[in-house]
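See structure below.
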Amino acid sequence: MFTGIITDIGELVSLDKQGDWRLRIKTNWETTEITIGASIACSGICLTVIERDDNYFDVAASMETVSVTTLQNWQIGKKINLEKALRMGDELGGHIVSGHVDGIATITDIKPEKDSQHICFEIQDTLNGLIASKGSVSIDGISLTVNSAANNSFDVNIIAHTWRETTLGNCAVGDTVNLEIDMLARYVARLLETQKNQ
């Protein structure tokens, strides 16, 4: 489990696509504190650490993970939002994030609003009704509050700190991002679907 509070921006320095994909991510973290087998949210995708050294760690991604996330388009040099798994007693500053991506959203507009940035996203039909105004979403692993939501779209405001300290500061219209809806919304939707099919 994660909180959606980014603590480092890593960089993809190698990518092996034979079998399950193997990614090497450069980080500013003290890598001796990273346990082999640990979960790390990499731009919102929960991946397992399989190796580490002085300034990097390696993670593995199955083809299922690749097919449903933006990972399918990652290139060497890509900047990646990083968050270590939540530990008992850690501050829950964002919201509960699982690192299980629900879909890919596309940025349709970016406009400055005083010190913040207003960003609009288009989403897949399958996620309609699962995002609520003033609810929480995770965008590339970042915990954000939804301003408003409509069919196939929603928007958020990004404060200056988040703009600077995450990869959002380099985003552009047309970019795609990993989207995780609020966990409660996911289970309510599943319950309603089950009841409808009975």
Side-chain angles (χ1 to χ4, degrees), residues 1-29 31 34-53 55-86 94-108 119 121-127 130-131 136-144 154 156 158 162 165-183 186:
M1 304 298 280
F2 306 92
T3 67
I5 304 299
I6 305 305
T7 57
D8 188 28
I9 297 179
E11 180 181 352
L12 183 63
V13 293
S14 75
L15 177 59
D16 183 351
K17 297 183 179 181
Q18 297 182 40
D20 284 350
W21 285 17
R22 182 183 181 119
L23 300 85
R24 177 161 293 176
I25 299 171
K26 184 179 178 182
T27 180
N28 294 309
W29 286 338
T31 54
I34 299 173
T35 306
I36 302 301
S39 295
I40 294 180
C42 302
S43 286
I45 309 166
C46 179
L47 297 174
T48 301
V49 176
I50 57 175
E51 187 180 331
R52 61 173 169 79
D53 207 334
N55 65 348
Y56 71 81
F57 61 89
D58 289 7
V59 290
S62 70
M63 292 314 300
E64 167 66 16
T65 298
V66 171
S67 69
V68 298
T69 67
T70 62
L71 203 162
Q72 59 195 266
N73 299 317
W74 289 11
Q75 303 288 332
I76 302 301
K78 178 173 176 59
K79 301 300 184 183
I80 302 167
N81 293 317
L82 298 177
E83 182 188 357
K84 295 177 185 174
L86 184 65
H95 72 284
I96 294 294
V97 175
S98 69
H100 301 157
V101 174
D102 292 295
I104 295 174
T106 303
I107 298 174
T108 58
I119 307 183
F121 298 91
E122 182 179 38
I123 60 173
Q124 301 151 292
D125 289 344
T126 54
L127 298 179
L130 298 178
I131 298 176
S136 297
V137 291
S138 168
I139 297 292
D140 273 352
I142 308 162
S143 174
L144 297 170
F154 70 96
V156 299
I158 310 298
T162 303
E165 300 299 323
T166 70
T167 59
L168 284 178
N170 297 317
C171 69
V173 171
D175 285 353
T176 56
V177 295
N178 293 311
L179 171 65
E180 181 182 331
I181 61 173
D182 183 73
M183 195 175 296
R186 183 187 297 160

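We number each residue from 1, following the sequence as shown.
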Any heavy-atom pair between the side chains of [Y] and [X] that's under 4.5 Å?
| X | Y | result |
| --- | --- | --- |
| V156 | I139 | no |
| L144 | I158 | yes |
| I25 | I40 | no |

Roughly how far, to the nearest 0.5 Å, is [atom2] of [Y] from [atom1] of [X]?
| X | Y | atom1 | atom2 | result |
| --- | --- | --- | --- | --- |
| I104 | Q72 | CD1 | CD | 4.5 Å |
| L71 | I80 | CG | CD1 | 8.0 Å |
| F121 | I107 | CZ | CD1 | 5.0 Å |
| C42 | L23 | SG | CG | 7.5 Å |
| T176 | D140 | OG1 | CG | 8.0 Å |
| I45 | W74 | CD1 | CH2 | 4.0 Å |

With distance as the sole test, does [X] use its side chain to make a donor-acceptor pair with the main-chain N or O of [Y] at under 3.5 Å?
| X | Y | value |
| --- | --- | --- |
| N178 | S43 | yes |
| E180 | V97 | no |
| T166 | L168 | yes |
| E83 | G4 | yes |

| note | Between I6 and G141, the two heavy atoms sitting closest are CD1-O, 3.5 Å
| note | Here the pair of heavy atoms bringing Y56 nearest to R24 is CE1-NE, 3.1 Å
| Derivation of the side chain to side chain contact (heavy atoms under 4.5 Å, CB included) call for C171 and V177 | CA-CA 9 Å; C171 69; V177 295; over 6 Å; no
| Chi angles and distances behind the side chain to side chain contact (heavy atoms under 4.5 Å, CB included) call for L127, F154 | CA-CA 11 Å; L127 298 179; F154 70 96; over 6 Å; no
| task | Please check if any side-chain donor atom of T167 sits under 3.5 Å from a side-chain acceptor atom of N81, or the reverse. | result | yes
| query | Taking everything shown except K78 itself, do over 12 heavy atoms lie less than 6.0 Å from its NZ? | reply | yes
| side chain to side chain contact (heavy atoms under 4.5 Å, CB included) between D102 and L179: does it pass, once the steps are laid out? | CA-CA 6 Å; D102 292 295; L179 171 65; 5.5 Å; no
Distance-only criterion, 3.5 Å: show the donor-acceptor pairs between side-chain atoms of residues 10-19 and protein atoms not counting sequence neighbours.
from, atom 1, to, atom 2, distance (Å)
E11, OE1, K79, NZ, 3.3
D16, OD1, Q18, N, 3.0

| field | Partner set under side chain to side chain contact (heavy atoms under 4.5 Å, CB included) for S62, not counting sequence neighbours | value |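 S62 satisfies side chain to side chain contact (heavy atoms under 4.5 Å, CB included) with D20, E64, T65 only.
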